[in-house]
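The analysis underlying the following values was restricted to heavy atoms, covering all of them including side chains, and did not include hydrogens, waters or symmetry mates. Position 1 is the first residue of the sequence; numbering continues from there.
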Amino acid sequence: MKKNIWLMVLSIASIMSCQRSNSPNQIEAWTYKSQHKLRISAHRGNSGSAPENTLATFQKTLDMGVDFIEIDVRTSKDNQLVILHDGTLNRTTNGNGPISNLTLEEIKRLKANKSWEAQFPDERIPTLEETLQLIEKWNKQKNTKTYIYVDCKQVEPKPLLALMRQYHLDKESVYFGSDEFLERLKAEDPQSKRMPSLNKAEEMETKIKRLAPYAFDVNWLKMNAQLVKDIHKKNIRVYSDVLGPLDQALNYKKAKELGVDLIQTDHVKSVYRYFLGN
């Protein structure tokens with residue numbers, strides 16, 4: 001009984017401290033995290049109020065207090081690391097063709113605000129370094145820390161790790177990519193938190209031996225209680241995407257019930273509000 005009362009006192013004190021130093025979004029995030037183990041990654045940094053994979057949306061998502069911001073890393077013609085999901089510029093920018101055909105100077109001339117022109121008239125494609133600078137600065141100032149879920153689209157391990165280390169985000173961030181890429185990442189840094197995809201339970205042992213994963217990105221449609229239990233027995237975390245039509249309360253509930261460690265979503269606030277009853 002005394003232990004429970006003491007924990008309650010600590011919880012109230014923490015909430016009061018959080019209220020003094022953080023925004024309503026941060027308070028909501030802290031409240032969620034204090035009550036639930038299921039962690040959240042913002043897919044492409046989506047905040048719902050700014051263009052994907054931009055500094056504007058990363059800033060807004062940071063204020064939501066997410067555990068991870070998922071970013072897509074690619075390499076420019078002059079070997080600079082930049083953030084863009086698609087291999088081509090067409091969908092989200094006013095450019096055309098493969099981003100790998102352009103130098104960083106040429107990339108920075110483009111607007112990354114398609115469909116958001118009125119709200120964000122001058123938003124640009126960010127570099128990885130600009131993104132890491134933003135997050136490192138945020139983490140130094142806030143109670144809730146945010147790390148990177150790095151989707152390694154087209155990048156080499158060595159320059160990627162060098163930047164992650166420079167901004168002190170290498171140890172807690174996770175790296176998703178092809179098995180071939182993750183094997184090279186492992187050779188470059190055996191301590192990196194590698195996360196291969198897992199589409200079939202039968203692939204698990206082979207991938208564990210080859211990649212020594214920190215987590216598996218499990219196909220949501222293959223998710224079940226036994227699979228989660230089997231992965232956890234190996235001391236490996238279970239992450240999964242609940243995107244598109246899957247991004248709904250029914251699946252947030254299922255993820256928690258199954259003991260999934262993290263879900264990736266385009267609707268961070270919806271996850272908080274479902275679990276907090278708002």
Side-chain angles (χ1 to χ4, degrees), residues 14-15 18 21-48 50 52-53 55 57-73 83 128 131-132 134-152 164 167-176 192-195 213-218 220 223 228 231-232 235-243 246-247 249 251-276 278:
S14 297
I15 289 171
C18 186
S21 61
N22 290 293
S23 70
N25 280 335
Q26 286 283 296
I27 294 167
E28 183 179 50
W30 189 93
T31 304
Y32 171 84
K33 290 178 181 183
S34 69
Q35 297 176 8
H36 302 281
K37 293 181 180 179
L38 178 64
R39 303 285 72 132
I40 300 172
S41 174
H43 181 235
R44 303 180 201 170
N46 272 325
S47 63
E52 69 173 56
N53 270 327
L55 294 179
T57 200
F58 297 156
Q59 183 63 65
K60 289 177 181 293
T61 310
L62 282 168
D63 192 49
M64 293 178 184
V66 294
D67 300 282
F68 290 88
I69 294 176
E70 189 252 5
I71 60 173
D72 302 282
V73 182
I83 311 301
L128 175 61
T131 303
L132 299 182
L134 177 71
I135 294 170
E136 183 194 40
K137 181 179 178 181
W138 178 269
N139 284 346
K140 286 179 178 178
Q141 299 171 345
K142 299 297 177 178
N143 292 330
T144 56
K145 306 302 181 188
T146 296
Y147 299 102
I148 310 292
Y149 179 133
V150 189
D151 189 338
C152 306
M164 297 292 288
Y167 292 97
H168 312 291
L169 287 162
D170 56 309
K171 296 187 185 304
E172 298 300 328
S173 297
V174 297
Y175 302 88
F176 172 81
S192 59
K193 293 185 173 179
R194 300 169 295 279
M195 180 173 57
Y214 167 81
F216 277 119
D217 176 34
V218 179
W220 182 258
M223 190 76 71
V228 173
I231 294 172
H232 281 164
N235 198 31
I236 297 170
R237 287 165 172 75
V238 177
Y239 290 12
S240 191
D241 295 346
V242 287
L243 304 173
L246 299 174
D247 210 334
N251 289 326
Y252 309 155
K253 180 175 182 286
K254 179 181 176 182
K256 181 182 177 182
E257 290 174 345
L258 291 179
V260 171
D261 297 288
L262 175 144
I263 56 171
Q264 184 159 231
T265 176
D266 285 312
H267 304 287
V268 174
K269 299 285 282 185
S270 295
V271 180
Y272 288 160
R273 287 169 181 166
Y274 170 74
F275 285 112
L276 296 177
N278 298 326

Distance check, rounded to the nearest 0.5 Å: Glu70 atom CD versus Leu262 atom CG? 10.5 Å
Results of side chain to side chain contact (heavy atoms under 4.5 Å, CB included) for Lys253 - residues two or more places apart only: Glu257, Tyr274
Which atom pair, heavy atoms only, marks the closest approach of Val268 to Met64? CB-SD, 3.9 Å
Leu128 side chain near Ile71 side chain, heavy-atom distance below 4.5 Å: yes
Verify whether one side chain among Tyr175 and Asp151 offers a donor that lies under 3.5 Å from an acceptor in the other. no
I want to check something: taking the side chain as every heavy atom from C-beta on, are His232 and Asp261 in contact at a cut-off of under 4.5 Å? yes
Kindly indicate whether a cation-pi arrangement holds for Lys254 with Trp220, taking the cut-offs as under 6.0 Å to the six-membered ring centre and within 45° of the axis. yes
Close side-chain approach of Met195 to Arg237, heavy-atom, < 4.5 Å: no
Can you name the ring pair (Phe, Tyr, Trp, His ring centres under 6.0 Å) partners of His168, sequence neighbours left out? none
Within the 4.5 Å heavy-atom criterion, are Lys142 and Leu62 side-chain neighbours or not? no
Pair Ile83, Leu55 - check side chain to side chain contact (heavy atoms under 4.5 Å, CB included), show working. CA-CA 10 Å; Ile83 311 301; Leu55 294 179; over 6 Å; no
Once rounded to the nearest 0.5 Å, what's the spacing between atom NZ of Lys145 and atom NZ of Lys140? 10.5 Å
Compute whether any side-chain donor of one residue and acceptor of the other, for Ser47 and Thr57, lie under 3.5 angstrom apart. yes
Reported CD1-to-OG1 distance for the pair Ile135 and Thr146, which is rounded to 0.5 angstrom: 7.0 Å
According to the interplanar angle, ranging from 0 to 90°, do the rings of Tyr252 and Phe275 count as parallel (below 30°), tilted (30 to 60°) or perpendicular (above 60°)? tilted
Strictly below 4.0 Å, N to O, side chains only: are Arg39 and Asp67 in salt-bridge contact? yes
Here the gap from Arg44 atom CZ to Ile69 atom CD1, rounded to the nearest 0.5 Å, amounts to 15.0 Å
So, for Leu38 and Val260, which heavy atoms are closest and what is the spacing to 0.1 Å? CD1-O, 3.3 Å
Between atom CD of Glu52 and atom CZ of Phe58, what is the distance when rounded to the nearest 0.5 Å? 9.0 Å
Do Tyr272 and Thr31 touch side chain to side chain, with heavy atoms closer than 4.5 Å? no
Side chains of Thr61 and Asn46 in contact at under 4.5 Å (non-hydrogen atoms): no
Gly65 versus Ala29, closest heavy-atom pair with distance: CA-CB, 3.7 Å
If every non-hydrogen atom of Asn139 is compared with every non-hydrogen atom of Thr144, which pair is closest and at what distance? OD1-O, 4.3 Å
Would Leu246 and Asp241 count as a side chain to side chain contact (heavy atoms under 4.5 Å, CB included) here? Give the steps. CA-CA 8 Å; Leu246 299 174; Asp241 295 346; over 6 Å; no
Check step by step if side chain to side chain contact (heavy atoms under 4.5 Å, CB included) holds for Asp217 and Gln264. CA-CA 10 Å; Asp217 176 34; Gln264 184 159 231; 5.9 Å; no
Distance check, rounded to the nearest 0.5 Å: Ile263 atom CD1 versus Asp247 atom CG? 7.5 Å
Salt bridge (charged side-chain N to carboxylate O under 4.0 Å, His left out) with Arg194: which residues, sequence neighbours excluded? none
Parallel, tilted or perpendicular, as decided by the 30° and 60° cut-offs, for the rings of Tyr149 and Phe68: perpendicular
Within 6.0 angstrom of Lys137 NZ, more than 12 heavy atoms from elsewhere: no
Side-chain heavy-atom pair Glu172, Lys193 within 4.5 angstrom cut-off: yes
In sequence, state the C-alpha distance, the side-chain angles, and the governing distance for Val174 and Tyr147, and then conclude on side chain to side chain contact (heavy atoms under 4.5 Å, CB included). CA-CA 8 Å; Val174 297; Tyr147 299 102; over 6 Å; no
